[in-house]
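In what follows, chains carry the letters A, B, and so on, assigned in the order in which the sequence lines appear, proteins first and then strands, with residues in each chain numbered from 1. As a basis for the values below, the full set of heavy atoms in this structure was taken, side chains included, without hydrogen atoms, waters or symmetry mates.
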Number of protein chains: 2
Amino acid sequence: MQRTEIKALFQNSAELADRQVTVCGWVRTLRDSKLLGFIELNDGSNFQNLQVVFEDAKIDNFKEVTKYNVGASIVVTGRVVLTPNAKQPLEIHADKIELEGASDPAYPLQKKRHSLEYLRSIAHLRPRTNTLAAVFRVRSVAAYAIHKFFNERGFVYAHTPLITGSDCEGAGEMFRITTLDAKNPPLTEDGAVDFSQDFFGKMTSLTVSGQLEAEAMAMAFGKVYTFGPTFRAENSNTARHAAEFWMIEPEIAFADLEDDMQLAQDMIKYVLAYVMEQCPAEMKFFNDFYDPNKALIQRLTDLVNSDFGKVTYTEAVRLLEEHKDQFDYPVYWGCDLQTEHERYLTEKIFQKPVFVIDYPKEIKAFYMRLNDDGKTVAAMDLLVPGVGEIIGGSQREERFDVLTARMEELGLREEDYSWYLDLRRFGGTKHAGYGLGFERLIMYMTGVSNIRDVIPFPRTTGSAEY
Amino acid sequence: MQRTEIKALFQNSAELADRQVTVCGWVRTLRDSKLLGFIELNDGSNFQNLQVVFEDAKIDNFKEVTKYNVGASIVVTGRVVLTPNAKQPLEIHADKIELEGASDPAYPLQKKRHSLEYLRSIAHLRPRTNTLAAVFRVRSVAAYAIHKFFNERGFVYAHTPLITGSDCEGAGEMFRITTLDAKNPPLTEDGAVDFSQDFFGKMTSLTVSGQLEAEAMAMAFGKVYTFGPTFRAENSNTARHAAEFWMIEPEIAFADLEDDMQLAQDMIKYVLAYVMEQCPAEMKFFNDFYDPNKALIQRLTDLVNSDFGKVTYTEAVRLLEEHKDQFDYPVYWGCDLQTEHERYLTEKIFQKPVFVIDYPKEIKAFYMRLNDDGKTVAAMDLLVPGVGEIIGGSQREERFDVLTARMEELGLREEDYSWYLDLRRFGGTKHAGYGLGFERLIMYMTGVSNIRDVIPFPRTTGSAEY
């Protein structure tokens with residue numbers, strides 16, 4: 001069997017006109033009258049379905065075919081007929097239809113529309129719906145765009161470890177990993193759990209960031225990025241948080257905060273442009289069904305063609321204070337900006353993506369570079385409309401003395417970070433990096449507002465199905 | 001500062017000749033006589049170092065520069081001088097050398113060669129050595145080649161979950177993930193650990209494979225692949241096993257074992273060809289220093305241009321039995337082939353990569369498709385010289401009745417796999433897939449024989465440093 005994919009059919013329709021082809025796929029809809037029937041067929045290669053026309057006069061199992069249920073997989077051999085005046089560019093007039101795999105009448109994806117909430121309960125089947133097919137295709141293409149972007153710029157893709165003996169951020173709830181007996185773990189003489197008997201000989205957790213290891217790689221390769229899963233054991237049951245998500249973390253040597261922001265901006269624009277170019281049907285679908293103003297594509301296109309805004313934290317707080325009656329949470333210099341503040345800044349005040357820079361050191365991590373004012377650090381968060389923060393980054397503190405002084409202030413022990421400090425002992429350089437939450441980028445690009453709908457099998461508080 | 005990367009210098013040397021440029025990098029070696037000095041500089045963009053010539057007559061800090069330690073990071077401004085008769089194509093004659101970051105005299109990477117064992121103890125610095133720089137560059141380029149290969153063929157990149165509530169293979173030691181108190185976990189009334197109070201409301205582990213979820217995605221998109229971390233809590237302290245490693249798992253619908261092998265072969269050849277094209281300096285280094293016969297490149301080139309072998313398990317056992325005095329482990333029909341058997345097959349008998357197919361069902365997983373003989377399954381392992389198995393795959397059992405019968409034989413409960421069985425209830429298709437151990441591919445391509453040397457920060461039994 002020489003199979004033709006539906007995408008290839010649509011792309012080469014002129015050439016294939018009147019030719020006989022064999023296509024495989026799943027029945028999305030099937031309707032029939034006495035002697036004539038229509039199947040909308042999808043094989044996953046193409047967002048749009050292929051229309052298959054079948055006639056009692058031409059196939060020998062017409063009655064049987066009319067009884068196929070939605071979801072059945074079939075193999076169709078037939079003639080390509082161009083239909084320039086119909087909404088689809090072509091259809092197949094079947095000579096033969098074979099059942100590959102039947103679909104039980106209990107198939108939950110009948111033609112009617114289903115809520116995203118319901119679809120989450122059938123995560124193994126939902127990629128067969130338009131919305132999830134479009135989301136996961138965009139996710140795949142965006143991931144490729146990210147690799148392509150960094151590859152074109154000569155970055156090394158660094159696989160940093162997921163299992164870690166340390167907590168990078170010095171914060172954030174972590175998952176413990178263990179092979180010890182859950183009920184009766186071995187104990188030390190003084191009655192504590194004896195982690196020296198655990199698999200790695202110590203207590204280990206799932207990483208919250210690959211940044212520190214990426215810094216080590218950047219001090220050899222100059223430019224590196226990570227792209228892998230990251231974990232948070234936070235008990236936050238919101239539409240924006242998952243316990244397992246993917247993160248991209250570039251790290252660049254001989255570079256400062258300006259270089260870092262430029263890289264972030266270039267990357268975001270590159271990925272958006274690439275996805276719009278590669279996924280026009282999917283993006284049109286999101287534009288028409290997931291944007292109240294059907295303005296998604298216009299907004300993303302504008303963004304690709306304009307510069308992002310930039311504002312210091314101090315100035316941002318001043319601007320927000322003018323609108324403090326709009327917020328549930330107080331806003332003042334020194335506060336951690338809440339999502340409502342972030343969204344107000346990017347959606348109302350700037351009306352485009354905006355970098356907020358130079359945050360108070362107290363609300364940022366120990367490794368961020370202290371500014372000359374002694375109060376703020378060279379941090380940057382990128383805020384985008386509809387989502388809020390999607391990138392958090394900083395120039396890193398390369399000065400050994402300043403870094404160790406800050407660690408001491410925070411009660412971090414030098415011996416726990418000796419290898420990290422080595423990077424400042426042995427040829428340290430100015431360097432910077434950021435973390436991009438991949439799911440938030442997908443939410444931003446598609447208009448899909450719940451993180452559970454942009455991850456194939458989401459892991460959230462209380463839920464790890466499949 | 002307009003910086004030029006060393007790679008760009010080498011690539012555009014003709015154009016840049018006699019021009020002044022600024023380069024940044026780390027000092028690999030430094031030697032000097034009274035009035036003249038030489039620095040081998042590396043910035044991570046290029047495998048080969050850049051030679052910097054500095055003279056007391058031309059820079060105002062000659063004495064200071066001669067005291068820089070190996071490992072220091074510096075910024076050099078100078079003139080590009082072509083040196084067509086030297087081993088390096090060009091050098092920089094410095095007008096100015098600035099110290100970016102000093103290197104302490106205790107820097108462990110002095111010029112002498114270090115053992116790979118020693119370098120593992122300084123994993124944060126070892127990417128600055130030739131061997132590890134070459135390995136991690138090849139790893140990065142190979143990862144990109146894999147994404148490129150599948151992208152060109154229209155596959156969807158599927159992010160399957162790492163945290164799982166089930167054990168795909170029905171075997172394999174797994175890491176438990178928990179946020180429960182390690183010493184005093186909550187207990188149920190009958191005294192068992194109450195996992196309903198754990199983060200996900202049940203016991204969860206780190207996945208050993210994304211295959212089952214990938215199958216669900218393939219039943220919508222037709223062609224998908226995963227590429228992400230995978231875990232084994234096996235207590236095997238060998239050169240070939242790590243507790244955390246990366247795996248590629250394609251899954252294709254409307255496809256059988258032959259299609260699966262063709263895909264695997266095409267992928268391997270594509271990746272090898274791409275890496276040899278993109279990393280000539282690194283591959284020459286491996287050829288000259290990591291292959292006893294300096295025949296690595298020749299062997300890989302031959303492989304790209306020839307077909308892989310194919311043999312049934314039954315025939316393979318018969319062939320091995322002829323040489324049974326060569327082996328520590330017994331070989332007989334029904335045995336699980338050991339690494340020594342696998343390597344003998346691929347290295348001695350076939351002298352090239354070989355697929356072994358149609359294994360006894362007893363030694364393979366429940367989801368593999370039963371052959372008509374009722375005794376073997378449509379499995380395939382790809383064996384390669386020097387490594388043994390790097391790919392394991394199969395056609396999947398798409399027949400609901402056959403699958404559930406096999407599950408019952410193995411004591412697997414249908415309710416634990418209801419969503420997986422749904423894929424056979426609702427439009428199942430012939431389908432197949434495989435898993436490629438990414439690190440084994442890198443070992444094969446580079447000749448580096450310990451998995452700890454192809455992972456930036458390896459996790460193995462008893463070791464999770466950094």
Side-chain angles (χ1 to χ4, degrees), chain A residues 24 26 43-45 71-73 100-101 103-104 107 124 127-128 133 136-137 140 143-144 147 151 154 156-159 161-163 165 175-179 182-183 185 193 199-201 204 213 216-217 220-222 229 233 244 246 254 419 422 425-429 456-457 459 462 464 466, chain B residues 24 26 43-45 71-73 100-101 103-104 107 124 127-128 133 136-137 140 143-144 147 151 154 156-159 161-163 165 175-179 182-183 185 193 199-201 204 213 216-217 220-222 229 233 244 246 254 419 422 425-429 456-457 459 462 464 466:
Chain A
C24 303
W26 291 271
D43 70 358
S45 69
S73 59
E100 168 83 13
S103 180
D104 191 277
Y107 189 56
H124 59 306
R128 306 177 185 194
F136 298 140
R137 171 74 66 180
S140 170
Y144 187 68
H147 285 299
N151 182 67
V156 165
Y157 178 27
H159 287 146
L162 272 66
I163 296 173
F175 292 104
R176 199 170 71 252
I177 302 169
T178 184
T179 55
K183 189 176 169 188
V193 172
F199 189 89
F200 295 106
T204 52
E213 291 89 356
M217 297 288 275
F221 288 109
E244 174 180 334
W246 284 61
F254 302 103
W419 70 264
D422 272 359
R425 273 189 203 106
F426 304 124
T429 76
F457 300 93
R459 272 71 183 99
Y466 305 95
Chain B
C24 303
W26 291 271
D43 69 357
S45 68
S73 59
E100 168 82 13
S103 179
D104 191 276
Y107 188 57
H124 59 306
R128 305 176 186 195
F136 298 141
R137 170 75 66 182
S140 170
Y144 187 68
H147 285 299
N151 182 67
V156 164
Y157 178 26
H159 287 145
L162 272 67
I163 297 173
F175 292 105
R176 199 170 70 251
I177 303 168
T178 183
T179 55
K183 189 177 168 190
V193 173
F199 189 90
F200 295 105
T204 52
E213 291 88 355
M217 296 289 275
F221 288 109
E244 175 180 334
W246 284 61
F254 302 104
W419 70 265
D422 272 359
R425 272 190 205 106
F426 305 123
T429 76
F457 301 93
R459 272 75 184 96
Y466 305 95

A/Ala158 versus chain B, heavy atoms under 4.5 Å apart: side chain, backbone, both or neither? neither
What part of [X] gets within 4.5 angstrom of chain A, counting heavy atoms only: side chain, backbone, both, or neither?
X: B/Glu213; value: both
X: B/Pro229; value: side chain
X: B/Pro185; value: side chain
X: B/Ala233; value: both
X: B/Asp104; value: both
X: B/Tyr144; value: side chain
X: B/Ser45; value: backbone

If you tally heavy-atom pairs under 4.5 Å against chain B, which of [options] wins?
options: A/Ala216, A/Gly462, A/Gly201; result: A/Gly462
options: A/Arg176, A/Arg128, A/Met217; result: A/Arg176
options: A/Arg425, A/Arg137, A/His147; result: A/His147
options: A/Gly154, A/Ala72, A/Pro456, A/Ala182; result: A/Ala182
options: A/Gly427, A/Gly101, A/Gly71; result: A/Gly427

Would you say the side-chain atoms of A/Glu244 pair up with the backbone N or O of B/Ile163, donor to acceptor, closer than 3.5 Å? yes
Between B/Ser73 and A/Gly428 (side chain of the first, backbone of the second, donor and acceptor by atom type, cut-off under 3.5 Å), is there such a pair? yes
Who among [options] has the most heavy-atom pairs with chain A under 4.5 Å?
options: B/Thr178, B/Thr179, B/Thr204, B/Ile177; result: B/Thr178
options: B/His159, B/Glu100, B/His124; result: B/His159
options: B/Asn151, B/Asp422, B/Asp43; result: B/Asn151
options: B/Ser103, B/Ala133, B/Gly222, B/Ala143; result: B/Ser103
options: B/Phe136, B/Tyr157, B/Trp26; result: B/Trp26

Report yes if some heavy atom in the side chain of A/Phe175 is under 4.5 Å from a heavy atom in the side chain of B/Phe175; otherwise report no. no
Could you check whether any side-chain heavy atom of B/Pro127 comes within less than 4.5 Å of a side-chain heavy atom of A/Phe221, counting everything from C-beta outward? yes
Anything under 30° is parallel, anything over 60° is perpendicular, the rest tilted; go ahead and classify A/Phe457 against B/Trp419. tilted
Using the ring pair (Phe, Tyr, Trp, His ring centres under 6.0 Å) criterion, which residues pair with B/Phe426? Sequence neighbours excluded. A/Tyr107
